[in-house]
Amino acid sequence: MQNDTESNRSEHKDATDAALSPSQLHTSLSQHFGFSSFRPGQFEVMAKLCAGHSALAIFPTGSGKSLCYQLPALLLPHLTIVVSPLLALMQDQVDFLRSKGIQAASIDSSQSRAEQQMIQAHVESGELKILMVSVERLKNERFRQWISHVQTSLLVIDEAHCISEWGHNFRPDYQKLPHYQNQLNIPQVLLLTATATRKVQHDMAARFNIMQDHIVQTGFYRPNLDLSVVPLAQEQKLNYLLKALGKKPGAAIVYVSLQQQAETLAKQLQAAGLKARAYHAGLDDQTRQAAQAAFMQDEIDIVVATIAFGMGVDKGNIRFVAHYELPKSIENYAQEIGRAGRDGKPAYCVVLGSLDGVETLENFIFGDTPERRNIASLLRLIAQECDENNQWSVVETRLSAETDIKLLVLKTLLVQLELQGVLTAQFAYYAQMRFKLMIGKKQLLEHFDVRRQAIIETVFAFSESKREWTNIDVDTLFRQSDIDNSKLLTIMEYLHQKGWLEFDTKVLTQVYRVDKSKLRQEELINSLSDYFSAKEQSEIKRIDTMLRFFMSSRCLSQNLCDYFNDKHGPVQCGHCSVCRGKVAKLQSYKTTAWPSDDQIREWIFNLNKHLAQGGSSGSARLRVRFLSGLTTPKMNRFKLKQMPGYAHCEAFRFRDIEEKLNQLGLLGIDEPNEVGHS
Ligand SMILES: [Zn+2]
């Protein structure tokens, strides 16, 4: 297998060298895209790809990152697969490519079966050069099985910082991409990101064996952006904003942290005679799209948005970006101000800052860390449920409820166990597979020879008819016949494509092989707890770093470049609040009083009683989470949100609530947690 891969790689390298040369890149640039010259960094990245290497490109948003793969994709011999986190981004890129006459498509869940089949046919015929997919699509076995038969030259990973847990937008599924690259035998990879600190850059490069020399970073410095940090109490912000926006503001984005706040502020701006609209994830698609379209066409001037707004918004003339609250991190800040002044003309970016609300940012982090006892439950479950063949089948949503670990955190844990060699993902199957015959059974069988008829009849024999649909008893079929999951999928897909039956799958079950010798409970609990503590610490540090960043006496532009490992920033930009002599001192304005000790005792007493009545108990961390308003699957199950006291201390720091409960003797010790009784 290894040899196979190696020989394919060297073979491929020759093919690439022959296909791509610098002069061809220039010719293709004007021919296909109508540009006469490359933007900074683009040629360098393409040259690495030309030479058959993998590369990592760190370009600020809007500086032509996408061209780094779009052009080589046309010249490489086979398909380019682009993994992108956002459907809207994919569609924009597909539209752009098609407008240039380039064959590109995305496969996504919004398409009908027939549309997907048409795209697949175009991929198979080699007509399609660029295929965009989500990372979830790659987890899909049906898809992987199909794409593994298609020769692929390049794997492109957009927003590649998602792969690093030290980045700001970690997605556990991304950590499996190096594995998929190997499995699908794709010789080259290109990682694209706008924001990555030095640590994240190293992390990403290491996972894909990208050499230091093949990392291309263009400057972060934007001379046309004027940056300010203005310390303000909540009630002073609206006036400040109205003054800053003036009567005719031009295009502006105001970032807020809560959906409700977006609505309220948009109304306040409208009341002041400004053309403003709210944009957040709580609105329906139509309203959101309408707001975005109105903004793009200059029908409105201002969008008041949560972080949901901006990905894929390519509008050149944004003159003003305000943060009504502190951003979530420096990475978020960089991304959000990066949307201003893309046309190169002056734009103003201002942060209206205070320390109010920092607790909430911090508490979210504590809400995510799994408890030791829940990690223990998970490991115990793996040991118990693993069968004699060392196989463990799991449905993630069920496991999340049973272990009281949030789904995203659970995914991270499982990927960690995979990386430690405890688990090896074998395949995923659908615990529910069903079909509906479109032609008679006899008629269907007549299309096949005797041997194939026997296989199909075996599948039918292990199926049970229910009104319209027939369910396949997958478990028994796999156990009692020589048909395995991949064989079954191939057969059913084929019959489905022929239109002889309709095939449908549900409830994804992941099957892992367990290395029991590595399933050493105590050791793993320690290492996983350490992993999550390190992650918790690193994220708390991220907030501290951000606060220091905004209060620093160093030039903001220079500091920003430094943070993203760009050594070419200015020493003093001359167009930031620090350079103007105004170093920000952020402070707390809000004074919230603690509830009385008796009140807290009563809440905790009732909480314990409620859990005990349900045959369960709560840990120390659960009590703190309850008061801070941070939910877990178990808290949802016991409807703790509706109990008095829930979220009553959300304005306080997690550590302070913990200390308070400790003083009141309410922290107690963690009770052992029995699986199934939690
Ligand atoms: Zn400056």
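Counting begins at 1 with the first residue of the sequence. Whatever order the structure lists them in is the order used to number ligands and atoms, beginning at 1. Keep in mind the model is a prediction, meaning the values are calculated, not measured. The figures that follow rest on heavy atoms only: side chains count, while hydrogens, waters and symmetry mates do not.
Listed by first and then second residue, the salt bridge (Lys or Arg N to Asp or Glu O under 4.0 Å) pairs involving residues 562-579 are R554-D562 (not counting sequence neighbours). Listed by first and then second residue, the salt bridge (Lys or Arg N to Asp or Glu O under 4.0 Å) pairs involving residues 219-239 are D226-R580, K237-E325 (not counting sequence neighbours). Within the structure, side-chain hydrogen bond (donor to acceptor under 3.5 Å, both in side chains) pairs that include any residue of residues 343-359 comprise R319-D343 (at least two apart or interchain).
Between F220 and H568, the distance separating the two ring centers is not shorter than 6.0 angstrom. Ring to ring, H323 and Y333 are close: their centroids are under 6.0 angstrom apart.
The count of protein N, O or S atoms under 2.8 Å from the Zn ion (ligand 1) stands at 4, with waters excluded from the count.
Annotation: cation-pi geometry not satisfied between K660 and F652 (NZ/CZ under 6.0 angstrom from ring centroid, within 45° of ring axis).
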